[in-house]
Peer 1: 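Okay, here's the structure, questions in a sec.
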Amino acid sequence: MATVHLRIGDLVWGKLGRYPPWPGKIVSPPKDLKKPSGKKCFFVKFFGTEDHAWIKVEQLKPYHPHKEDMIKINKGKRFQQAVDAVEEFLKKARGREQASHNSAEENSKSNSDDKTKSSSAEARGRKNSTSTLKSSQAGESDDLSPKKRGRPPKDEKPGSSLEPISKRLKIFEEDTGSTSIQAADSTAVNGSITPTDKRIGFLGLGLMGSGIVANLLKMGHIVMVWNRTAEKCDLFIQEGARLGRTPAEVVSMCDVTFSCVSDPKAAKDLVLGPSGVLQGIRPGKCYVEMSTVDPDTVAELSQVITSRGGRFLEAPVSGSQQLSNDGMLVILAAGDRSLYEDCSSCFQAMGKTSFFLGEVGNAAKMMLILNMVHGSFMATIAEGLTLAQVTGQSQTTFLDILSHGQMASTFLDQKCQNVLQGNFKPDYYLKHIQKDLRLAIAMGDSVNHPTPMAAAANEVYKRAKALDQSDNDMSAVYRAYIH
C-alpha cells in the first residue's frame with residue numbers, strides 16, 4: 001500500500017472507533033493540548049461540528065480521492081451538512097486563490113508600468129537637472145504605493161483558519177410537531193457524550209438489546225441488566241454492568257428502565273408477570289418500552305405504569321443487529337415528553353437520531369408502517385431474484401443494475417448479498433418481520449384501510465416460516481420462492 005503523506009492544512013476523512021469517517025482538516029493543536037504518546041497521529045478539526053480529536057494516521061484518508069466512496073456509504077443529514085461545509089470551505093479557498101491570482105496580475109502590470117515610467121524618467125534625467133531627476137524618482141516611489149502593488153487593505157485578511165460550521169441543534173421541531181434529537185451532534189464524530197447520572201436498567205438482551213446495552217456502557221452509563229436467559233448477561237457484567245435478578249429488582253434499583261423483547265405477549269408478560277416490572281414501579285420510576293408492538297399493547301402498558309405513579313415512554317427502534325452494534329439505530333418515541341428529554345444521552349449512545357411523535361401509540365403505529373414497507377420490499381426483492389433465475393438472467397447482474405439505480409441502498413445491497421451467498425445469519429429475524437406485517441395488517445383492518453401488498457408479503461413469510469426459516473434473517477424469505 002502506498003504511503004500517504006499528510007500535513008497541517010490537509011483535508012481528510014477521519015475515523016474514530018466505531019463511528020463513520022467524517023470530513024475534517026488537519027490543524028495545529030492548542031498549545032496546552034499534548035500529543036498522545038505512541039502511534040503517529042494528527043490533530044483534526046471536524047466540519048459541521050465543534051468537535052476535534054487526535055486521530056491516528058492509519059485512521060485518516062485524504063479527502064478528495066475518497067470523497068465519492070464516503071458519500072456512497074454515509075447518507076445521514078448531519079453527514080451531508082458536513083460535506084456541504086467542506087465544499088463551502090473549498091469554494092471560499094478557490095475565491096481567495098483567484099483573488100490572489102488577479103492581484104498578482106495587477107501587481108505585475110503595475111511593475112511593468114513602473115519600469116516604463118522609470119525608463120522615461122532616466123531619459124529625461126539625462127537632459128534635465130539633478131533636481132528634476134530627484135523629482136522623477138519621487139514620482140516613481142509614489143507609483144509603488146501599497147495600494148497600487150495590489151496589497152490588501154490592513155483590515156482584509158488574505159486567509160483565515162478553518163471556521164467550523166456548527167448548528168449544534170439537539171432539538172429539531174417540524175411542522176408536524178415531531179421532534180428529533182440528533183445523536184450525530186456529539187457521537188458521530190468523536191464518540192464523546194455526557195452520560196446521564198441516572199441509573200439505567202435494561203431488560204432483554206436479544207439481537208437489538210445486546211448492541212444497545214454495549215453502547216450504553218461504552219458511553220459511560222451506569223447500567224443494570226436482566227435477561228430471561230441469564231447467561232447472556234455475563235459478557236455485559238464483565239464490561240461493568242450490574243446484574244438484576246428479576247425485572248422488578250431492576251426497576252426498583254434504577255431510575256429509568258428500558259425493555260426490548262420479541263412481541264406483544266413477551267412485553268406484557270415482562271410487565272404484568274411474576275416479579276415483573278409493575279412490582280418495582282413506584283412514583284417517579286421511569287419505564288421505556290422499546291419493543292415493536294401494536295398500539296393497543298403499548299396503551300395498556302402505559303396505563304398500568306402511570307397508574308402506579310410511574311412515567312412511560314414508548315421508543316421502538318428501526319434498524320438491525322448491525323446498526324444496533326454500530327449505535328446507528330433510529331428511535332421513534334411517544335408518550336412522556338420530559339422522559340424523552342431525560343433519555344437524550346441514552347438515545348445518542350444507541351442511535352443516530354430519535355424522533356418524538358406525540359401521544360402514546362403513535363410510535364407503535366409508525367414503527368409498524370415502516371416495518372410493513374421493509375418486509376414487503378424484501379419479499380419483492382426475493383421475488384425478483386428468483387424470477388431472474390428461472391428466466392435465465394444473472395442474479396448478480398440484476399443486483400448490479402438495482403445498485404446503480406434509484407433503488408440503491410445499503411439495505412438492498414446487504415440483503416441481496418445474503419441471498420447470493422446463501423448466508424442467512426440473522427440481522428433481523430424473519431419471524432419478527434412476519435409478526436410486524438401481521439400487526440400492521442391488523443392495524444389497517446382496525447381503521448378499515450386496505451393493505452393488500454402487505455397481506456401478500458405476509459403469506460410469503462408464513463410459507464418461509466413453514467420451511468423452518470423463522471430464526472434466519474428476513475432475507476431468507478427467498479427460500480419460500482425456491483421450494
Side-chain angles (χ1 to χ4, degrees), residues 181 183 193 195-228 232-233 236 239-244 246-264 266-271 276-281 284-293 297-298 301-302 304-306 310-319 321 323-325 327 329-351 353-356 360 363-364 367:
I181 291 179
I193 65 173
T196 178
D197 58 1
K198 297 181 184 297
R199 293 165 296 181
I200 304 300
F202 204 95
L203 313 175
L205 300 174
L207 289 183
M208 308 296 276
S210 293
I212 290 172
V213 171
N215 284 308
L216 288 172
L217 290 169
K218 283 179 185 177
M219 297 302 170
H221 294 85
I222 301 169
V223 185
M224 175 178 280
V225 296
W226 175 90
N227 191 70
R228 185 164 50 87
K232 286 190 176 182
C233 298
F236 302 102
E239 295 297 322
R242 296 179 59 188
L243 178 64
T246 65
E249 181 182 54
V250 173
V251 173
S252 64
M253 295 291 289
C254 297
D255 301 303
V256 181
T257 300
F258 296 83
S259 71
C260 188
V261 292
S262 59
D263 56 32
K268 287 193 279 190
D269 288 347
L270 193 62
V271 174
V277 167
L278 196 59
Q279 294 186 21
I281 291 291
K285 292 291 182 181
C286 303
Y287 190 64
V288 182
E289 179 57 80
M290 304 193 80
S291 312
T292 300
V293 297
T297 294
V298 80
L301 297 179
S302 174
V304 297
I305 296 295
T306 56
R311 299 163 65 197
F312 182 85
L313 185 75
E314 58 168 330
V317 293
S318 177
Q321 181 185 33
L323 292 175
S324 177
N325 292 342
L329 296 169
V330 175
I331 300 107
L332 310 180
D336 189 318
R337 173 63 177 266
S338 63
L339 177 52
Y340 170 71
E341 293 170 353
D342 288 344
C343 292
S344 175
S345 74
C346 296
F347 289 156
Q348 290 179 27
M350 65 181 74
T353 192
S354 63
F355 294 87
F356 184 78
V360 167
M367 191 74 254

Peer 1: I'd like to know whether T196 forms a side chain to side chain contact (heavy atoms under 4.5 Å, CB included) with D342, so could you lay out the CA-CA distance, the side-chain angles of the two residues, the decisive distance to 0.1 Å, and finally the verdict.
Peer 2: CA-CA 8 Å; T196 178; D342 288 344; over 6 Å; no
Peer 1: Please report the C-alpha distance between Y287 and V271 in whole Å, then the side-chain angles of each, then the deciding distance to 0.1 Å, and finally whether the side chain to side chain contact (heavy atoms under 4.5 Å, CB included) criterion is met.
Peer 2: CA-CA 10 Å; Y287 190 64; V271 174; 3.6 Å; yes
Peer 1: Quick one, M219 and C346 - any side-chain contact, counting heavy atoms below 4.5 Å?
Peer 2: no
Peer 1: Can you tell me how far the SG atom of C233 sits from the CE atom of M224, to the nearest 0.5 Å?
Peer 2: 11.0 Å
Peer 1: Counting distance only, does the side-chain N/O of K285 pair as donor-acceptor with the main-chain N or O of S252 below 3.5 Å?
Peer 2: yes
Peer 1: Give, for atom OG of S291 and atom CG of L270, the distance between the pair rounded to the nearest 0.5 Å.
Peer 2: 7.5 Å
Peer 1: Enter the distance from H221:NE2 to K198:NZ here, rounded to the nearest 0.5 Å.
Peer 2: 11.5 Å
Peer 1: Do I212 and F202 make a side-chain contact, defined as non-hydrogen atoms from C-beta onward lying under 4.5 Å apart?
Peer 2: yes
Peer 1: To the nearest 0.5 Å, tell me how far T297 OG1 sits from K268 NZ.
Peer 2: 4.5 Å
Peer 1: For the residue pair A349 and N215, what are the closest heavy atoms and their distance?
Peer 2: O-CB, 3.3 Å
Peer 1: Do any N or O atoms from the side chain of D263 and from the backbone of V293 form a donor-acceptor pair under 3.5 angstrom?
Peer 2: no
Peer 1: Donor-acceptor check, side chain of S344 to backbone of E341, threshold 3.5 angstrom: yes or no?
Peer 2: no
Peer 1: Output the distance between atom OG1 (T306) and atom CZ (F312), rounded to the nearest 0.5 Å.
Peer 2: 8.5 Å
Peer 1: So F347 and Y340, would you call those rings parallel, tilted or perpendicular, with 30° and 60° as cut-offs?
Peer 2: tilted
Peer 1: Hey, mind stepping through L216 and M350 against side chain to side chain contact (heavy atoms under 4.5 Å, CB included) and telling me if it holds?
Peer 2: CA-CA 7 Å; L216 288 172; M350 65 181 74; 4.2 Å; yes
Peer 1: Flag the pair V317 / L332 as yes when at least one side-chain heavy-atom distance between them is below 4.5 Å, and no otherwise.
Peer 2: no
Peer 1: Whether the side chain of E314 engages the backbone of A364 through a donor-acceptor N/O pair (distance < 3.5 Å, no angle test) should be reported.
Peer 2: yes
Peer 1: Could you pull out the closest heavy-atom pair between A363 and A333, with the gap in Å?
Peer 2: CB-C, 3.9 Å
Peer 1: Kindly determine whether S210 and F236 satisfy side chain to side chain contact (heavy atoms under 4.5 Å, CB included), including the steps that lead there.
Peer 2: CA-CA 9 Å; S210 293; F236 302 102; 3.8 Å; yes
Peer 1: Taking the side chain as every heavy atom from C-beta outward, state whether V288 and C343 have any pair of such atoms under 4.5 Å apart.
Peer 2: yes
Peer 1: I need the minimum non-hydrogen distance between L278 and V304, along with the two atoms involved.
Peer 2: CD1-O, 3.4 Å
Peer 1: With a 3.5 Å distance limit and no angle check, can you tell me whether D255 reaches the backbone of R199 through a side-chain donor-acceptor pair?
Peer 2: yes
Peer 1: Ignoring hydrogens, what is the shortest heavy-atom contact between S324 and G211? Give both atom names and the distance.
Peer 2: OG-CA, 3.3 Å
Peer 1: Flag the pair V277 / T257 as yes when at least one side-chain heavy-atom distance between them is below 4.5 Å, and no otherwise.
Peer 2: no
Peer 1: Taking the side chain as C-beta and beyond, is there a heavy-atom pair between R228 and V261 under 4.5 Å?
Peer 2: no
Peer 1: Can you see whether F356 has R337 sitting over its ring - NZ or CZ less than 6.0 Å from the centre and within 45° of the normal?
Peer 2: yes
Peer 1: Locate the shortest heavy-atom distance separating G284 from R311; write the atom from each residue and the value.
Peer 2: O-CD, 4.3 Å
Peer 1: List the atom of A248, the atom of G276, and the distance in Å for their closest heavy-atom pair.
Peer 2: CB-O, 3.2 Å
Peer 1: Please report the interatomic distance SG(C286) to CG(D336), rounded to the nearest 0.5 Å.
Peer 2: 7.0 Å
Peer 1: Would you say that M208 contacts C260 through its side chain, given a criterion of any heavy-atom pair below 4.5 Å between the two side chains?
Peer 2: yes
Peer 1: N227: which residues meet the side chain to side chain donor-acceptor pair (under 3.5 Å) condition with it, sequence neighbours left out?
Peer 2: none
